[in-house]
Amino acid sequence: MSALGWARLPTVARYAILVAILLVAWQAYVTLWHVQKLLVASPIDVAGALAVDIKNGSLLNATRNTLDDLIVGMLIGTAFGFVLASLAVFSRVGQDLLTVLTSIFNPLPSIAILPLAMIWFGLRPESIIFVVALATIWPVALNTDTGFRTISPTTQLAARNLGLRGWRLVSGVMLPAALPSIVTGLKSAWAFGWRTVVAAELIFGVAGAAGGLGWYINNARYFLETASIFAGLVVISALGILVEGLFGFVERRTVVKWGMKRAA
């Protein structure tokens, strides 16, 4: 297929073809080289594990528990990130506070805080939510602050002349104008939060009676169920692709449609 013909295919079709090729190559590698199932499960075995664990509810429950902790943590982190960015715009103290906090915490892997979180909150979901929130604050705060500072001074002056101050200025003018940077920050926060929640669950295990995808993968490792390990990884990847697609849809309906960003 020529490059021009490939480009004319719908995006979904192009991605589906590439995924199919990867699956065929994966299955061929396992079959032709007689790879032990303990080391690498074939796509057929992984599909079987997915079917079994979806049917018995273990994979669905693990996915729901992970998403619950991730969403709550992201909401908290996003709210704090917006507050820090807003303070940084309106006062020098706020700007210095954002600079100091990001210098301290942004380079620090949030998963390194998990032992402290477990001491503070115990073996409960709050520990995982805390480290997820900590991972998502800084991408949101930094990108939102950048978006605010790239807004035209004329736009801000016009808004102030219309009597907009404080939160009304932020919500009515600055947030919409900074939307491309905010969306970028949210996408980065999702990526950081997603990796953090799975890593935390791998270490943390079960929060109360609820285990997430990290616990599901670690539990499968304990019982040498390689196909189930791959099944958990497939679910993590599939959810990542789904969320990326959701962000792409939001961007096309907002910043791309409004001419604030070029379509990819």
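Here the structure is a predicted model, which is why all the values come from computation and not from measurement.
Annotation for Pro139 and Asn143: closest pair O-ND2, 2.7 Å, computed over non-hydrogen atoms. The minimum heavy-atom distance linking Phe230 with Leu39 is given by the pair CE1-O, 4.3 Å. When all heavy atoms are compared, the tightest approach of Thr136 to Gly193 is CG2-CA, 4.0 Å. Taking every heavy atom of both residues into account, Ala141 and Leu98 meet most closely at CB-CD1, 3.8 Å. Closest approach of Trp26 to Pro43, counting heavy atoms only: CD2-CG, 3.5 Å. Between Leu134 and Ser110, the shortest heavy-atom contact is C-OG, 3.6 Å.
Separating the CD1 atom in Ile128 from the CG atom in Asp68 is a distance of 11.0 Å, to the nearest 0.5 Å. We find the CD1-CE distance between Ile76 and Met74 to be 11.5 Å, quoted to the nearest 0.5 Å.
Between the side chain of Thr66 and the backbone N or O of Gly212, no donor-acceptor pair lies under 3.5 Å. No side-chain donor-acceptor contact under 3.5 Å links Thr196 to the backbone of Ile111. Side-chain N or O atoms of Thr31 include none that pairs as donor or acceptor with a backbone N or O of Ala28 at under 3.5 Å. When atom types are taken as modelled, the side chain of Asn56 and the backbone of Val52 share a donor-acceptor pair closer than 3.5 angstrom. A donor-acceptor pair under 3.5 Å links the side-chain atoms of Ser127 to the main chain of Gly122, judged by distance alone.
Residues Asp69 and Glu201 have side chains in contact (heavy-atom distance under 4.5 Å, counting atoms from C-beta outward). By the 4.5 Å heavy-atom criterion applied to side chains, Glu126 and Trp120 are not counted as neighbours. Taking 4.5 Å as the limit, some side-chain heavy atom of Trp194 sits within range of a side-chain heavy atom of Ile236. By the 4.5 Å heavy-atom criterion applied to side chains, Arg149 and Met174 are not counted as neighbours. Residues Phe148 and Ser86 have side chains in contact (heavy-atom distance under 4.5 Å, counting atoms from C-beta outward). Leu213 places a side-chain heavy atom less than 4.5 Å from the side chain of Thr63. Counting heavy atoms from C-beta on, the side chains of Lys37 and Asp45 come closer than 4.5 Å. With a 4.5 Å cut-off on side-chain heavy atoms, Tyr216 and Val235 do not count as touching.
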Pair Ile241-Tyr15, side-chain contact (heavy atoms from CB on, under 4.5 Å): steps then yes or no: CA-CA 11 Å; Ile241 293 171; Tyr15 291 169; over 6 Å; no
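Cluster membership check: Ile104 shares its hydrophobic cluster with Leu114, using side-chain heavy-atom separations under 4.5 Å among Ile, Leu, Val, Met, Phe, Trp and Tyr.
Cation-pi geometry between Arg195 and Phe192 is met: the NZ or CZ atom falls under 6.0 Å from the ring centre, inside 45° of the normal.
Neither side chain, Asn61 nor Ser58, offers a donor N or O lying under 3.5 Å from an acceptor on the other.
Taking the six-membered ring where the residue is Trp, Phe130 and Phe121 present tilted rings, their angle falling between 30° and 60°.
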